[in-house]
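Structure incoming, see below.
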Amino acid sequence: MHQMTLAEIARGLADKKFSSEELTKVLLARITQLDPQLNSFISLTEELALEQAKAADVRRANGESGALLGAPIAHKDLFCTQGIRTSCGSKMLDNFKAPYDATVVAKLAAAGAVTLGKTNMDEFAMGSANESSWYGAVKNPWNLEHVPGGSSGGSAAAVAARLLPAATATDTGGSIRQPAAFTNLTGLKPTYGRVSRWGMIAYASSLDQGGPLARTAEDCAILLQGMAGFDQNDSTSIDEPVPDYSASLGDSLQGLRIGVPKEYFSAGLDPRIAELIQNSIKELQKLGAVIKEISLPNMQHAIPAYYVIAPAEASSNLSRFDGVRFGHRCEQPKDLIDLYKRSRGEGFGPEVQRRIMVGAYALSAGYYDAYYLKAQKIRRLVKNDFMAAFNEVDIILGPTTPNPAWKLGAKNSDPVAAYLEDVYTITANLAGLPGLSMPAGFVDGLPVGVQLLAPYFQEGRLLNVAHQYQLNTDWHTRTPTGF
Ligand code: GLN
């Protein structure tokens, strides 16, 4: 039962082959049995799950239908869930029970999805390895000595290990696409503003975007359908109608113009990944796509710009965790300053503290123009590169990551080495564009992802290209041994 995709589950439930309650029990048992190896969950919500599953079964019995009605999922632990711990992977919020549901959580619950639990993540979504979580590192089901990617590593590891069919995740600089690549999943970061950020604990507000992680493009379409849409509670939410994503999955790729940026294949990319990317290009050519070399000349400046903007926004967003209103408070503070200092010093881990310091520095009066303003200018150049490219092509294709998943601990002493691994993903966040990663093969038994980028609001196009590719390849169907 655990091998089923969301689409298969929806058909099985509609055909009354099993109930949501039965399926939920099977998956909860599987999580209890296998998750100790992975550490992909921070909280399990068994009671809520069984309650929601039973309610979904009743709704189906009463004639309701819907692809998510009775479908088991989990939420990355930065989506607020009413009355349930929402930790953001941090000691700071270990004791925080959200007083309300995030819009994404509420929308999926209304569609009948069943919440099995909250998944592990890098602390405050800062990281690319899921090693900065206060709840411990997550392991990659493809090789337990390797990282699953981050920051949505818990969602990725759980779905890859078939503990559940799909999960929510968020992507500020690659945190949906990079763990998707590292664990052989399909993950989609939507256009900025497509999915509400209300109730999604902020890391860098101008970059953060929620999206689906699943095994197939077909399943990402189903989950995104439940997540997307205008929300008046989020001032950056965009009031654009949500298309029927599943309906866009049948389009032919004949004549589709795919741009391949020449900058993507420079030094730093593992040649074995380069070869797999070339194979995926050939596959898409067979399906009728036309390949064109393009250039994204400002790509080299994206990492430095991102690692100024993201920490700057984080330092501001995280100032609310002061020991007064939310989360961890130190014992017996001497005075207010001591309360702030010790609560924050004890509550935040080293990577979060590093980012707050970098961000506060970049925003400080004497350095604002030199760093923050400069970074914003680069951001515009990065966006302009994409706008020029999309005048010529329909999608942009390349690797999701320069290397496969590294060994646990391998980059812990060198944060910059980890930042450099984000080279292919962060440009989409700087520009606000949608991006998808899909399985494209293996290197040393570890999965490799190919990334597709599209113009604003063309999530349907990305999902269709990935779906056509998946109809003709079987990388996405491979299961890690032992799971
Ligand atoms: N690795 C990037 C960072 O650490 C991206 C994280 C994310 O997308 N949340 O900031």
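Every value quoted in this text rests on a predicted model; they were computed, and no experiment measured them. Start at 1 and go down the list; that is how both ligands and their atoms are numbered.
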Exercise for the section: Check Tyr307 against ligand 1 and report side chain, backbone, both or neither, counting heavy atoms closer than 4.0 Å. Expected result: side chain
Problem - Pair Asp369 + Lys374, salt bridge at N-O below 4.0 Å - result: no
Practice task
Do me a favour and list the nearest non-hydrogen protein atom to atom 2 (C) of ligand 1 with residue, atom name and distance?
Solution key: Asp422 OD2, 3.2 Å
Problem - Aromatic contact, Phe124 with Tyr203 (centres under 6.0 Å) - result: no
Exercise for the section: Specify the protein heavy atom at minimum distance from atom 7 (C) of ligand 1: its residue, its atom name, and the distance to 0.1 Å. Expected result: Ser175 OG, 2.3 Å
Practice task
Looking only at protein heavy atoms, identify the closest one to atom 5 (C) of ligand 1 and say how far it is in Å.
Solution key: Tyr306 OH, 3.3 Å
Practice task
Flag the pair Phe182 / Trp142 as yes when their ring centroid distance falls below 6.0 Å, and as no otherwise.
Solution key: no
Exercise for the section: Using distance alone, determine whether Met126 and ligand 1 share an N or O pair under 3.5 Å. Expected result: no
Exercise for the section: Heavy-atom contacts with Gly127 under 4.0 Å: which atoms of ligand 1 show up? List them by number with element. Expected result: 1 (N), 2 (C), 3 (C), 4 (O), 6 (C)
Exercise for the section: Please name the residue in the list Asp171, Thr425, Thr400 that meets the side chain to side chain donor-acceptor pair (under 3.5 Å) test with Arg177. Expected result: Asp171
Practice task
Answer with yes or no after comparing the ring centroid distance for Trp475 and Tyr469 against a 6.0 Å cut-off, counting only values under it.
Solution key: no
Exercise for the section: For the residue pair Asn403 and Glu421, confirm or rule out a side-chain donor-acceptor distance under 3.5 Å. Expected result: yes
Exercise for the section: Before signing off on this row, confirm whether Arg355 and ligand 1 have an N or O atom pair separated by under 3.5 Å. Expected result: yes
Practice task
Kindly assign one of parallel, tilted or perpendicular to the pair Tyr424 and Tyr264, based on the angle between their ring planes and the thresholds 30° and 60°.
Solution key: perpendicular
Problem - Sub-4.0 Å atoms of ligand 1 with respect to non-hydrogen atoms of Ala125 - result: 6 (C), 7 (C), 9 (N)
Exercise for the section: Would you mind listing which atoms of ligand 1 come within a distance below 4.0 Å of any non-hydrogen atom of Ser128? Expected result: 1 (N)
Handout entry: Location of contacts on Tyr203 toward ligand 1, heavy atoms closer than 4.0 Å
Key = side chain
Exercise for the section: Pull out every atom of ligand 1 sitting under 4.0 Å from any heavy atom of Gly173, numbered as shown with elements. Expected result: 5 (C), 7 (C), 8 (O)
Problem - Under-4.0 Å salt bridge between Glu351 and Arg354 - result: yes
Problem - Mode of Glu351 contact toward ligand 1 - side chain, backbone, both, neither (heavy atoms, under 4.0 Å) - result: neither
